[in-house]
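Worksheet: the structure to be examined is printed underneath.
Chain identifiers are assigned alphabetically (A, B, ...) following the order of the sequence lines, protein sequences preceding nucleic acid strands; residue numbering begins at 1 within each chain. Side chains are part of it too, since the values below use all heavy atoms of this structure and drop only hydrogens, waters and symmetry mates.
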Amino acid sequence: MSHKPTITDSLQFPADSKIPRILLIVGAVGLLATAIGFATDLEQSLYSYLVSFVFFTGIGLASVFMVMFHHITKSKWGVVVRRIPEVFGGNLKWWTLAFLPILGGMTVLYHHWTDPTLFDPNSPNFDYIVAGKEAYLNVPFFIIRQIIYFAIWGYIGHKLYKASIELEKTGDWGITSLMRKISAPAIPLFGLSVAFASFDWLMSLDPHWFSTMFGVYFFAISFQSFWAIMILMVFFLQSRGLLKNTIGQAHIYDLGAWLFAFTVFYAYIAFSQFLLIYYANLPEETLWYYHRLEGSWKFIAYGLLIFRFVLPFLVLLNREQKHRPNVLKFVAVVVVVMHYLEIYWIAMPLLSEHGIHFTWIDLTSFIGLGGIFFWLFFKKFQENSMIPENDPKLDACLEKTYHQ
Amino acid sequence: MSTTESKSLYGILAEFKNPKALVDASEKVVEAGYDKFDTYTPYPIHGIDKAMKLPKSKLGYIVFGHALLGFSGAIAMMYWMSVIDYPLNISGKPFFNAPAWVPITFELTVLLSAFGAVFGMFFLNGLPRLNNPLFEVERFKKATDDGFFVCIEAKDSKFQEDLVRQLFEEAGATHIEEVYEQ
């Protein structure tokens, strides 16, 4: 009955591909332009940089989550696409460097709680609420926390990547249990560190406001857009003629189903956060949404409802749609764009209170960081096979077929 | 037994050795052009729906219809209650308080979808049905244990007893018998 599926594709990303070089140039030009922005308009540049940084970091973090869930559940559905998130995760250690501009500019970016006069009862600037949060919101502890986060992420991402490469090279199936042993304790570590990182990066921009579910909200937006990025990555590789027979309809269908599932999850989390604050109507909580529903910010708010939930939900509801390349690409692009706009909508109203105000620095920092992020990806992706060869569950994954 | 003469034929039942033989037999039955037939097995068999060339289930559309009904029903109910019939000012929020209505709208959408799924499934399966002529066949009890059956119904436009028997024999049935309406 069972026969070993054979792989007809070449599994090596072409070594002479121009893609990494192009991405490096694009990224370097983007970052240089952003540097000019830093010299001319520091506060605007820091905000723009933060939005793009959170966008790409979120995708890297969601990648590691996916790899850990895949290991811990002994899944076989995604073995053929697992190398992509593994590489994203393996690059997190280098991505730490991208955080340095934010660390350097933190007294500007987070001046709502880094200004020492806020904590001085004799100063006219004294802020009773922020002073009450001093134990958490202070510069040394902020820096210590960032070191802890990036140490956890860099280490786990690197470990899981390395283990997978070693399994490929040696064919030692015992390494799968090592991967599970790394993943099991790393999932709660990741959950906590990602939640606290989102408090630090985005929530503390407005230190009066708090939402206890902001951490899971950040996970939800990142994880939803991660699946969209995965779909786009797979179609990009296939458009270059790579892995065309290895990643089949069944695997693409699964990615579509994940995108659909986490579209619903996103809507549930984002709406839960909104509803409780809206209904309780406490001034210190409601103001945050009030600012984001006034002026032109409300267009993004309603846009999120329509383009990040209603449209993907209705389009992907029918299972036929979940494997149609053009439908998936369209939904994935919409979700990725909305993901950027959502982070923008979270961070930017602090800078321009009364409406959307795009600047060229938003664009250059996105292109710069994006170029570097994907340059790092393709550089690492070239080094080894594009799928985890010798994985014990690879055959089972390849055998998967799509049926009515 | 002269009484059998008066009973009308319900169909012809064939038993097969194992799931593989059953899947192959279903393919032959489809190939021969029969469409009023069904297979009976103790557990779900992977690929049997494909072998039987079953069309995609219409259940999804039934569920979607119910979901729309639940969605609009919930909105209509709450609109009637809190805007028309008994408007109450609750902490200065508008009567048409869309965010606060979402949980109930969601619940009713899900509730009616679930009803649509369960009862729609009953409807598409022709349930509830209190008896089936197959239950009179002593051998058919094996369908809940270790028997793999195909039954072509006499209603089928192509049904001809001898041809059906011949088909089952060629397909490798271990046992063939007629089933009569009670």
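- Shortest non-hydrogen contact noted between Leu275(A) and Pro103(B) is CD2-CG, 3.7 Å.
- The shortest heavy-atom contact between Phe271(A) and Pro99(B) is CZ-O, 3.3 Å.
- No more than 12 heavy-atom neighbours from other residues, nucleotides or ligands sit within 6.0 angstrom of NZ on Lys155(B).
- Counting heavy atoms of neighbouring residues, nucleotides and ligands inside a 6.0 Å radius, atom OH of Tyr340(A) exceeds 12 of them.
- Using non-hydrogen atoms only and a strict 4.5 Å limit, the part of residues 60-74 of chain B facing chain A consists of Tyr61(B), Phe64(B).
- Judged purely by distance below 3.5 Å, without hydrogens or angles, the side chains of Asn97(B) and Tyr279(A) never pair a donor atom with an acceptor atom.
- The number of heavy atoms from other shown groups lying within 6.0 Å of CZ (Phe115(B)) does not exceed 12.
- Atom NZ of Lys298(A) sits in a crowded spot, with more than 12 heavy atoms from other residues, nucleotides or ligands closer than 6.0 Å.
- Counting heavy-atom neighbours within 6.0 Å of Lys142(B) NZ, excluding the residue itself, gives a total above 12.
- Applying the 6.0 Å contact sphere to OH of Tyr40(B) captures more than 12 heavy atoms from other residues, nucleotides or ligands.
- Along residues 122-135 of chain B, no residue comes nearer than 4.5 angstrom to chain A, judged on non-hydrogen atoms.
- A distance of 4.5 Å separates CD in Glu320(A) from NZ in Lys56(B), rounded to the nearest 0.5 Å.
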